Participant: 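I have a structure I would like to understand better, so I am pasting it below and will then ask my questions one at a time.
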Amino acid sequence: MTEKPRLVVLTGAGVSAESGISTFRDSGGLWDNYPVMDVASADGFARNPALVHRFYNMRRRELLEVEPNSAHRSIAELERWYRVTVITQNVDNLHERAGSSDVVHLHGELMKVRSMRHPGRVYDLDADNLDTSPESRDRYGDPVRPHIVFFQEPVPEIERAAAIVEEADVVVVIGTSMVVYPAAGLINYARRGVPVYYIDPNPAPVPDRITVIKAKATEGMECLVKMFRH
Ligand code: APR
């Protein structure tokens, strides 16, 4: 049985936009309504942890109300013909809920918290157990925090992600403004000759080697699945 070609899909907030989750930098986006350095940075968390806990509690509630869209499902469907790894900047769980089996979360996961004393202790939240606060404690009595990579914090998965992109036979980028590093630099790890597609209705400037598909995620993925299915 021949090895399936390796497809790496790099996603940003745009892939979840059609599920009803607002992006960050489009007009009316999250950062228009919340000062990013207050609710999503290490300094902001140190300054006012209760505000940060409330921000992520609100985003968890929003996540429970939405479903994966057909772009998430198309990405999962491509696993029939490719070994697919999704490397996402998103903290939602829509890729997993759509059926993707290999997802790397560069910026953490909304439905998880972790011990502040032992960061390796990561805990799943669920619909009955959504909210956290500075008073929340794990079973060892230690405070917990959102399992999110805040601005000003390192991205632990970036080396592994770069190595995965280097192995890719095809790369697809969906719905990211390409302004947040190191995630935005991952496309540079695609080997020469490897096709790279970028689906975005308002694409950021990218090198000529990248094929831009100026479309929403659901429409762009519909085209790509037709192209990629054997
Ligand atoms: N389909 C595809 N792309 C879309 C759609 C859609 N329906 N709607 C919007 N977009 C595109 C926008 O054109 C933009 O390029 O999604 C992108 C969203 O960009 P951002 O809001 O900057 O989101 P993202 O690139 O994921 O942000 C990166 O910044 O704030 C941090 O940690 C946060 O992971 C996030 C990171």
Side-chain angles (χ1 to χ4, degrees), residues 8-45 51-52 55-56 58-60 62-63 66-75 86-95 98 103-112 145-158 161 165 171-188 196-207 210-225:
V8 174
V9 186
L10 304 174
T11 64
V15 79
S16 298
E18 290 159 273
S19 292
I21 295 186
S22 52
T23 62
F24 295 96
R25 296 174 182 83
D26 289 313
S27 59
L30 218 51
W31 299 148
D32 280 355
N33 301 305
Y34 295 91
V36 55
M37 293 314 277
D38 289 352
V39 294
S41 77
D43 285 347
F45 185 60
L51 172 67
V52 174
F55 176 67
Y56 287 98
M58 176 274 292
R59 291 182 68 193
R60 286 188 203 106
E62 182 189 78
L63 180 55
V66 300
E67 296 293 328
N69 61 58
S70 64
H72 295 105
R73 290 194 295 275
S74 296
I75 293 165
V86 177
I87 299 175
T88 187
Q89 298 174 77
N90 300 341
V91 295
D92 66 51
N93 56 4
L94 296 180
H95 282 301
V103 182
V104 178
H105 283 274
L106 291 175
H107 295 162
E109 297 183 64
L110 202 47
M111 294 304 286
K112 294 185 175 171
R145 57 162 277 178
H147 189 48
I148 297 287
V149 178
F150 293 142
F151 281 104
Q152 304 165 321
E153 293 184 331
V155 178
E157 295 278 27
I158 196 66
V165 175
V171 177
V172 178
V173 185
I174 309 174
T176 176
S177 59
M178 306 271 210
V179 296
V180 174
Y181 283 82
L186 283 174
I187 51 163
N188 302 319
V196 182
Y197 300 88
Y198 174 31
I199 300 171
D200 195 305
N202 177 23
V206 287
I210 295 177
T211 305
V212 176
I213 301 171
K214 196 170 172 15
K216 291 183 171 182
T218 53
E219 296 148 9
M221 275 313 298
E222 215 174 299
C223 306
L224 281 192
V225 168

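What you see is a predicted model, and the numbers here were worked out from it, not measured in a lab. Just so you know, ligand 1 is whichever comes first in the structure, and atom 1 is the first atom listed for that ligand.
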Participant: Around atom 6 (C) of ligand 1, find the nearest protein heavy atom and jot down its residue, atom name and distance.
Facilitator: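 Closest protein heavy atom to atom 6 (C) of ligand 1: G14 O, 3.4 Å.
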
Participant: Return the minimal non-hydrogen interatomic distance between S177 and A204, and the atom names on each side.
Facilitator: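 Taking S177 first and A204 second, the nearest heavy atoms are O-CB, 3.5 Å.
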
Participant: Among I174, L10, V172, I210, which residue meets the side chain to side chain contact (heavy atoms under 4.5 Å, CB included) test with Y198?
Facilitator: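 Among I174, L10, V172, I210, the one that satisfies the side chain to side chain contact (heavy atoms under 4.5 Å, CB included) with Y198 is I210.
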
Participant: So, does H105 use its side chain to make a donor-acceptor pair with the main chain of Q89 at under 3.5 Å?
Facilitator: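 Side chain of H105 to backbone of Q89, a donor-acceptor pair under 3.5 Å: no, none is there.
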
Participant: Which ligand 1 atoms, with their elements, are less than 4.0 angstrom from a heavy-atom of G12?
Facilitator: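 Those qualifying, in numeric order: 26 (O).
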
Participant: Where on V180 is there a heavy atom closer than 4.0 Å to ligand 1, on the side chain, on the backbone, on both, or on neither?
Facilitator: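 Answer for V180: side chain.
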
Participant: Looking at side-chain heavy atoms only, is the closest gap between M178 and P203 below 4.5 Å?
Facilitator: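 A side-chain contact under 4.5 Å is absent here.
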
Participant: Scan for side chain to side chain donor-acceptor pair (under 3.5 Å) pairs involving residues 210-225, sequence neighbours excluded, and state none if there are none.
Facilitator: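 Every pair satisfying side chain to side chain donor-acceptor pair (under 3.5 Å) with a residue in residues 210-225: E18-T218.
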
Participant: Below 3.5 angstrom, do we get any N/O pair linking F24 and ligand 1?
Facilitator: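 It does: an N or O of F24 is found under 3.5 Å from an N or O of ligand 1.
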
Participant: Is the closest heavy atom of V179 to ligand 1 under 4.0 Å?
Facilitator: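 Contact check V179 vs ligand 1: negative.
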
Participant: Near Q89, which atoms of ligand 1 are under 4.0 Å from a heavy atom of that residue?
Facilitator: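 Once the distances to Q89 are compared, the set is 28 (C), 34 (O), 36 (C).
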
Participant: Short list, please: which atoms of ligand 1 are under 4.0 Å from a heavy atom of E18?
Facilitator: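 So the answer, numbered in order with elements, is 1 (N), 6 (C), 7 (N).
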
Participant: Using distance alone, decide if ligand 1 has a nitrogen or oxygen within less than 3.5 Å of any nitrogen or oxygen in Y198.
Facilitator: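 No; every N/O pair is 3.5 Å or more apart.
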
Participant: Please write down residue, atom name and distance for the protein heavy atom closest to atom 1 (N) of ligand 1.
Facilitator: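 The closest one turns out to be A217 N, 2.9 Å.
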
Participant: Please list the nearest protein heavy atom to atom 13 (O) of ligand 1 with its residue and the distance rounded to 0.1 Å.
Facilitator: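 Of the protein heavy atoms, D200 OD1, 2.6 Å lies nearest.
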
Participant: Could you work out, with side-chain hydrogen bond (donor to acceptor under 3.5 Å, both in side chains) as the rule, every residue matching T11, not counting sequence neighbours?
Facilitator: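 For T11 the side-chain hydrogen bond (donor to acceptor under 3.5 Å, both in side chains) partners, ignoring immediate neighbours, are T88, H95.
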
Participant: In this structure, which one of R59, E109, R60, K112 forms a side chain to side chain contact (heavy atoms under 4.5 Å, CB included) with P146?
Facilitator: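 It is R60, the one option of R59, E109, R60, K112 that forms the side chain to side chain contact (heavy atoms under 4.5 Å, CB included) with P146.
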
Participant: Using heavy-atom distances, let me know which of A17, S177, A184, G220 sits nearest atom 22 (O) of ligand 1.
Facilitator: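 When every heavy atom of A17, S177, A184, G220 is considered, S177 comes closest to atom 22 (O) of ligand 1.
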
Participant: Measuring from atom CG of L30 to atom CD of E62, what distance do you get when rounded to the nearest 0.5 angstrom?
Facilitator: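 With rounding to 0.5 Å, CG (L30) is 7.5 Å from CD (E62).
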
Participant: What is the closest protein heavy atom to atom 32 (O) of ligand 1, and at what distance does it sit?
Facilitator: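 Here the closest protein heavy atom is H107 ND1, 3.3 Å.
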
Participant: Could you state the interatomic distance from OH (Y56) to CZ (F45), rounded to the nearest 0.5 Å?
Facilitator: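 Spacing of OH (Y56) from CZ (F45) equals 10.0 Å.
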
Participant: Just verifying a value: how many Å separate I158 CD1 and L186 CG, rounded to the nearest 0.5 Å?
Facilitator: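 Separation between the atoms: 4.0 Å.
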
Participant: Would you mind checking which non-hydrogen protein atom is closest to atom 26 (O) of ligand 1, with the distance to 0.1 Å?
Facilitator: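 Atom 26 (O) of ligand 1 sits closest to the protein heavy atom A13 N, 2.8 Å.
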
Participant: In terms of atom number and element, which parts of ligand 1 are under 4.0 angstrom from non-hydrogen atoms of D26?
Facilitator: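 Listed by number with element: 9 (C), 12 (C), 13 (O).
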
Participant: Could you find the nearest protein heavy atom to atom 25 (O) of ligand 1 and give me its residue, atom name and distance?
Facilitator: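 The closest one turns out to be T176 OG1, 2.8 Å.
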
Participant: Give the residue and atom name of whichever protein heavy atom lies nearest to atom 30 (O) of ligand 1, and the separation in Å to one decimal.
Facilitator: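 Here the nearest protein heavy atom works out to W31 NE1, 2.8 Å.
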
Participant: Could you find the nearest protein heavy atom to atom 27 (O) of ligand 1 and give me its residue, atom name and distance?
Facilitator: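 The protein heavy atom lying closest is R25 NH1, 3.0 Å.
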
Participant: Can you find an N or O of P201 that's nearer than 3.5 Å to an N or O of ligand 1?
Facilitator: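 No, P201 has no N/O under 3.5 Å of an N/O on ligand 1.
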
Participant: Can you check whether S41's main-chain N or O pairs, donor with acceptor, with Q152's side chain at less than 3.5 Å?
Facilitator: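 It does not hold such a pair.
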
